[in-house]
Peer 1: 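Once you've had a glance at the structure underneath, I'll fire off some questions.
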Amino acid sequence: MNYDKIVLFESERIKLTKKVISKSYAKIILFGEHSVVYGQPAIALPLYSVDVHAEISLEPSGQTLSSRYYEGPIADMSNNLLGVKTLIDHILNELGKSSANFKMTITSQIPSERGMGSSAATAIAITRALYQYFDVPLNREKLLKEALIEEKITHGNPSGIDTATASSHFPIWFIKHKENAQITFNLADYNLVIADSGIKGKTADAVSLIARNMVDDSDNTKPLIDDLGRIATEAKRAIITGDGSKIGDLMYQSQQRLHDLGVSTPTLDKLVSTSKKAGALGAKLTGSGLGGCMIALTDSTTTAQRLATELRKAGATQTWIQSFKNYGFNGEKQNDNVVQ
Ligand code: MEV
């Protein structure tokens with residue numbers, strides 16, 4: 001009996017059926033979009049109910065991608081998916097697997113170009129899946145570095161907050177190149193209503209609009225950026241102490257600054273004022289603006305449901321309600337930077 005042969009057959013069988021699935025989340029920026037690009041702090045949270053899955057399975061030949069935007073060989077992906085293609089090629093090359101045969105399937109519930117971090121979550125899920133598929137360990141630092149390859153191509157000058165949140169299991173406090181920490185979130189009785197304005201927001205355009213104004217009109221622009229940082233710092237204290245009315249007030253202040261920076265739109269302004277009238281504690285746009293989504297804070301599920309209905313009547317194309325019940329972070333053992 002040749003036992004070596006049996007062992008070989010068994011490992012081949014495992015290889016042939018090999019399949020991995022990885023996951024990442026949509027992100028919502030509570031405080032600090034745009035100002036985070038200039039070194040100010042920001043607070044963001046993953047949306048557990050809106051996620052992306054990347055599945056990789058063995059194929060007899062070739063490398064193919066199946067997703068809502070593209071179906072076919074990875075080598076033939078068009079330029080509007082250059083970020084994703086470059087990321088996949090880069091990782092395969094780095095892992096010495098450029099000629100491996102596989103099929104990658106991406107399933108996403110995140111609407112694209114709506115400020116919910118669709119591209120960042122896709123980059124995180126792809127990176128995790130490729131490392132898992134080829135059995136290569138991946139720590140958080142490396143994960144974020146890899147995913148930024150895609151974000152730099154898709155968005156130009158990313159702060160890194162989108163990938164940091166999409167890969168986290170907890171709300172985060174983020175300062176570009178400096179801090180990426182979980183924060184205690186004492187808001188179990190509150191809900192966030194998220195509403196899609198139905199208009200695509202181009203992150204790269206919004207980020208370059210502010211970059212231009214930081215140079216051409218810095219006397220007006222810089223104080224707004226600094227003030228958004230001050231608001232995020234105050235909000236962190238209010239989140240830790242569970243002060244919902246303070247957080248709401250800071251959200252309205254933040255919306256005013258983002259409006260003054262030129263990244264709100266008449267539709268987003270309308271959805272914010274609808275929220276105020278319907279009893280939200282606070283409301284603001286989220287993400288890059290110039291379209292995309294807004295968020296509103298409520299202190300009861302009933303108000304959240306009523307508000308979601310009002311927002312749809314006022315033109316929102318889609319709404320989500322996220323309860324903060326399961327957003328507690330309670331200790332080192334759950335640290336995203338340790339556990340992957
Ligand atoms: C986009 O989700 C958030 C921005 O602050 C850009 C960035 O931080 O990369 C507008």
Side-chain angles (χ1 to χ4, degrees), residues 24-47 50 52 83 87 108 110-124 144-168 171-181 192 194-197 199-214 221-222 224-233 235 251 254-255 257-265 268 284-295 320:
S24 58
Y25 299 116
K27 70 101 211 309
I28 289 294
I29 298 183
L30 271 189
F31 292 99
E33 47 273 273
H34 289 295
S35 45
V36 69
V37 174
Y38 299 94
Q40 297 293 340
I43 299 169
L45 41 97
L47 273 193
V50 187
V52 176
L87 174 65
S108 177
I110 312 179
S112 68
E113 300 180 75
R114 299 298 209 277
M116 289 172 80
S118 168
S119 66
T122 304
I124 291 291
L144 297 182
K145 206 168 157 203
E146 298 283 46
L148 267 195
I149 292 171
E150 178 279 329
E151 286 292 90
K152 278 187 185 148
I153 294 173
T154 312
H155 292 316
N157 181 24
S159 64
I161 192 169
D162 289 10
T163 44
T165 317
S167 61
S168 179
I172 62 168
W173 168 257
F174 184 91
I175 303 177
K176 188 179 173 181
H177 302 318
K178 286 197 184 135
E179 281 187 57
N180 176 7
L192 199 66
I194 302 136
D196 186 351
S197 70
I199 300 158
K200 288 194 175 195
K202 280 256 177 257
T203 304
D205 293 351
V207 169
S208 28
L209 169 76
I210 293 184
R212 269 197 313 276
N213 289 342
M214 278 295 263
T221 308
K222 185 149 185 323
L224 293 170
I225 293 289
D226 292 347
D227 210 32
L228 285 168
R230 188 261 315 158
I231 291 172
T233 306
M251 286 169 80
S254 177
Q255 169 63 20
R257 307 298 179 273
L258 291 162
H259 174 273
D260 295 349
L261 281 169
V263 292
S264 194
T265 64
L268 287 166
K284 62 183 275 293
L285 69 83
T286 182
S288 67
L290 290 184
C293 288
M294 54 77 65
I295 51 175
W320 298 261

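Index from 1, following the sequence. Ligands are counted one by one from 1 in listed order, and the atoms in each one are counted from 1 as well.
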Peer 1: May I ask you to list the atoms of ligand 1 that are less than 4.0 angstrom from any heavy atom of Ile161?
Peer 2: 8 (O)
Peer 1: Is it true that a side-chain atom of Lys152 and a backbone atom of Ala147 form a donor plus acceptor pair closer than 3.5 Å?
Peer 2: no
Peer 1: Keeping the roles fixed (side chain from Ser35, backbone from Gly32), state whether a donor-acceptor pair exists under 3.5 Å.
Peer 2: yes
Peer 1: In the protein, which heavy atom is nearest to atom 2 (O) of ligand 1, and how far is it?
Peer 2: Lys27 NZ, 2.8 Å
Peer 1: If you count the atoms of ligand 1 from 1 in the order shown, which ones are under 4.0 Å from a heavy atom of Ser288?
Peer 2: 10 (C)
Peer 1: Is there a side-chain contact between Phe31 and Met251, using heavy atoms and a 4.5 Å cut-off?
Peer 2: yes
Peer 1: What heavy-atom pair brings Gly160 and Leu148 nearest, and what distance separates the two atoms?
Peer 2: CA-CD2, 4.1 Å
Peer 1: Are any of the side-chain heavy atoms of Thr233 and Pro41 separated by less than 4.5 Å?
Peer 2: yes
Peer 1: Among all protein non-hydrogen atoms, which one is nearest to atom 4 (C) of ligand 1, and what is the separation to 0.1 Å?
Peer 2: His34 N, 4.0 Å
Peer 1: Under 3.5 Å, side chain of His34 to main-chain N/O of Leu258, donor-acceptor pair present?
Peer 2: no
Peer 1: Relative to the heavy atoms of Val36, which atoms of ligand 1 are at a distance of less than 4.0 Å?
Peer 2: 5 (O), 8 (O)
Peer 1: Among protein heavy atoms, which sits nearest to atom 8 (O) of ligand 1, and what does the distance come to when rounded to 0.1 Å?
Peer 2: Ser159 OG, 2.6 Å
Peer 1: Closest non-hydrogen protein atom to atom 3 (C) of ligand 1, residue and atom name please, with distance?
Peer 2: Ile29 CD1, 3.7 Å
Peer 1: At under 4.0 Å between heavy atoms, is it the side chain or the backbone of Glu151 that contacts ligand 1, or both, or neither?
Peer 2: neither
